[in-house]
Amino acid sequence: MLTSSLITLLTDFGLQDVYVGVMKGVIAQINPNLTTVDLTHQIAPQDVLAARFNLMNAYSYFPQGTVHTVVVDPGVGSQRRGIAVAIKEGYLVAPDNGVLSGVWQFSPAQQVVELTNPHYWRTSTPSATFHGRDIFAPVAAHLSSGVPLTDLGREVDPNSLKELPIEAVRITPEGIQGCIQYIDHFGNLITNIPANIANLAETNWFLKTATVRIPKSVTYNDRALGEISAIIGSHGWLEIAVNQGSAAQQLQMQVTDAVICQNL
C-alpha cells in the first residue's frame with residue numbers, strides 16, 4: 001500500500017465556522033504526524049459540479065499515495081454511499097454523489113469500497129449532518145496511516161459510481177462541441193474542451209456561444225480592457241475571459257451552457 005502521510009481537504013464549509021478545523025482535529029487525534037492541505041473550502045454550498053472540477057484539476061499535483069478528501073455533500077445523512085477509491089496516484093474519500101467523476105477521465109478507479117466499517121469512523125453513531133467529521137476525516141486519517149482500503153468496508157463495482165451530467169465533448173462537422181464546466185473566482189468561463197483534443201495550441205481557432213463569436217488569444221491582456229477572448233488556461237481547458245472583468249457576467253452564461261470550437 002502506497003501512502004504519503006498527506007491528506008487534502010476540499011469542502012463547501014467556508015472559513016467562518018469551525019467545521020474545517022474540527023475535521024483537522026479528528027485527523028490529528030488519529031495520527032498527529034499527518035499533514036493536511038486545504039485545496040479549498042470556498043465551494044458554493046452543495047455545488048458538486050464545482051467540487052468535481054476543482055478536485056479533477058488538483059489531485060495530480062500531489063505526491064503518490066496522497067488521500068484526497070472531498071466533503072461537498074448535499075445528501076449527507078441519506079442513503080447515498082460514502083466511498084474510498086484507489087487510483088494509481090493515491091486515494092479518494094468522498095460521498096458517492098459524482099464529486100469524484102472528473103478524475104475518472106484521467107485516472108480510472110482501480111478499487112472501490114463503501115465505508116461500512118464503523119471501526120474506522122469517529123463514532124459508530126455518526127451525526128446525520130456532519131459525516132465530514134464522523135466518517136470521512138477519520139477514514140482519510142486511517143487510510144493515510146496505512147490501513148488497507150479493503151478494511152474500510154465492502155468492495156463495490158467501480159462501474160456503479162455516480163456520474164455528474166456534464167455533456168461529453170463531441171467532434172462534429174461543425175467543430176468541437178462542449179459546454180461550460182466551471183466558473184472561477186474571476187468569472188472566467190472554463191469549458192470542458194481540452195486544448196490537446198485537436199492540437200489547438202498549434203492552430204487558429206475561435207469559440208462560439210449562442211450569441212457571440214470569441215477570438216483566440218494567448219494571454220488575458222492580449223485584448224483591450226473589458227474585451228472578451230478565448231484562451232487556453234493553465235489547466236489545459238479552453239476558457240472564455242474578459243480582460244480585468246467577468247466573462248460570466250458579460251455573457252450571462254452558466255455551467256452546462258453550450259459552446260463550440262471552430263478552426264479559422
Side-chain angles (χ1 to χ4, degrees), residues 10 12 39-40 42-61 72 97-108 162-264:
L10 190 160
D12 58 355
L39 290 183
T40 180
Q42 302 292 358
I43 299 295
Q46 296 89 49
D47 192 343
V48 290
L49 283 170
R52 167 196 171 276
F53 177 86
N54 279 275
L55 178 67
M56 175 177 65
N57 286 280
Y59 80 94
S60 64
Y61 293 97
V72 178
N97 60 10
V99 292
L100 305 180
S101 58
V103 174
W104 312 147
Q105 297 181 57
F106 308 100
S107 189
K162 183 174 176 58
E163 299 275 347
L164 288 175
I166 288 288
E167 181 183 354
V169 171
R170 293 184 296 122
I171 308 296
T172 72
E174 188 180 358
I176 304 170
Q177 294 187 346
C179 68
I180 304 302
Q181 65 171 331
Y182 182 65
I183 301 172
D184 73 9
H185 171 74
F186 298 99
N188 297 323
L189 297 162
I190 302 171
T191 79
N192 66 338
I193 302 174
N196 62 6
I197 196 169
N199 297 316
L200 290 177
E202 308 300 326
T203 62
N204 289 318
W205 51 271
F206 62 92
L207 287 178
K208 260 180 40 174
T209 72
T211 59
V212 65
R213 170 174 159 157
I214 305 163
K216 168 190 174 182
S217 294
V218 176
T219 70
Y220 295 115
N221 65 359
D222 282 351
R223 305 289 168 184
L225 196 68
E227 285 192 354
I228 196 163
S229 62
I231 69 170
I232 298 171
S234 62
H235 35 59
W237 307 102
L238 304 192
E239 68 177 64
I240 302 169
V242 169
N243 187 6
Q244 298 186 43
S246 168
Q249 290 182 1
Q250 185 164 318
L251 294 180
Q252 291 295 294
M253 293 185 71
Q254 301 176 351
V255 170
T256 74
D257 284 352
V259 294
I260 187 165
C261 178
Q262 295 180 325
N263 285 319
L264 292 173

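By convention here, the first residue in the shown sequence is residue 1. Hydrogens, waters and symmetry mates play no part in the numbers below; they use all other heavy atoms, side chains included. Just so it is clear, the model here is predicted, and its values are computed rather than measured.
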Tell me, with the steps shown, if W104 and M56 meet side-chain contact (heavy atoms from CB on, under 4.5 Å). CA-CA 9 Å; W104 312 147; M56 175 177 65; over 6 Å; no

Start with the C-alpha gap between R223 and S229, add the side-chain angles, then the distance that decides, and say whether side-chain hydrogen bond (donor to acceptor under 3.5 Å, both in side chains) holds. CA-CA 7 Å; R223 305 289 168 184; S229 62; 5.0 Å; no

For I260 and Q177, what are the C-alpha separation, side-chain angles and deciding distance, and is it a side-chain contact (heavy atoms from CB on, under 4.5 Å)? CA-CA 4 Å; I260 187 165; Q177 294 187 346; 3.7 Å; yes

Mind running side-chain contact (heavy atoms from CB on, under 4.5 Å) on I228 and Q250 for me, showing each step along the way? CA-CA 9 Å; I228 196 163; Q250 185 164 318; 4.1 Å; yes

Go through it in stages, so that I can follow the logic: the residues are V259 and I180, the test is side-chain contact (heavy atoms from CB on, under 4.5 Å), and I'd like the CA-CA distance, side-chain angles, deciding distance and then a yes or no. CA-CA 7 Å; V259 294; I180 304 302; 3.8 Å; yes

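Summarising the geometry of F53 relative to H235, their closest heavy-atom pair is CZ-CD2, 4.4 Å, with the distance given to 0.1 Å. Across V48 and V72, no two heavy atoms sit closer than the pair CG1-O, 3.8 Å. The two residues L10 and L39 have their closest heavy-atom pair at CD1-CD1, 4.0 Å. Residue A230 comes nearest to L207 through the heavy atom pair CB-CD1, 3.7 Å, listed as atom of the first residue, atom of the second, then distance. Closest heavy-atom contact between G233 and E239: CA-OE1, 3.6 Å.
The number of heavy atoms from other shown groups lying within 6.0 Å of CD (Q249) does not exceed 12.
The distance from atom CG of N243 to atom CG of D222, rounded to the nearest 0.5 Å, is 9.0 Å. For the atom pair L49 CG and S101 OG, the distance stands at 8.0 Å (nearest 0.5 Å). In this structure, C261 SG and K216 NZ are separated by 9.5 Å, a value rounded to the nearest 0.5 Å.
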Distance-only donor-acceptor hits, side chain of residues 183-195, under 3.5 Å, sequence neighbours excluded:
unit_1 : atom_1 : unit_2 : atom_2 : d
D184   : OD1    : F186   : N      : 2.9
D184   : OD1    : G187   : N      : 3.2
D184   : OD1    : N188   : N      : 3.0
D184   : OD2    : N188   : ND2    : 3.1
T191   : OG1    : I193   : N      : 3.1
T191   : OG1    : L238   : O      : 2.8
N192   : OD1    : C179   : N      : 2.8
N192   : ND2    : E167   : O      : 2.7

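Checked by atom type, the side-chain pair Q262/R213 shows no donor-acceptor distance below 3.5 Å.
Between the side chain of N97 and the backbone N or O of V99 there is at least one donor-acceptor pair closer than 3.5 Å.
Considering only heavy atoms from C-beta on, R52 comes within 4.5 Å of I166 through its side chain.
Applying the side chain to side chain contact (heavy atoms under 4.5 Å, CB included) test to S107 and every residue at least two apart in sequence or in another chain returns Y59, I87, K88, E89, V103.
For the side-chain contact (heavy atoms from CB on, under 4.5 Å) test with L251, the passing option among D257, V242, I214 is I214; the others fail. Each of N57, N54, D47 was scored for a side chain to side chain donor-acceptor pair (under 3.5 Å) with Y182, with one residue passing: N54.
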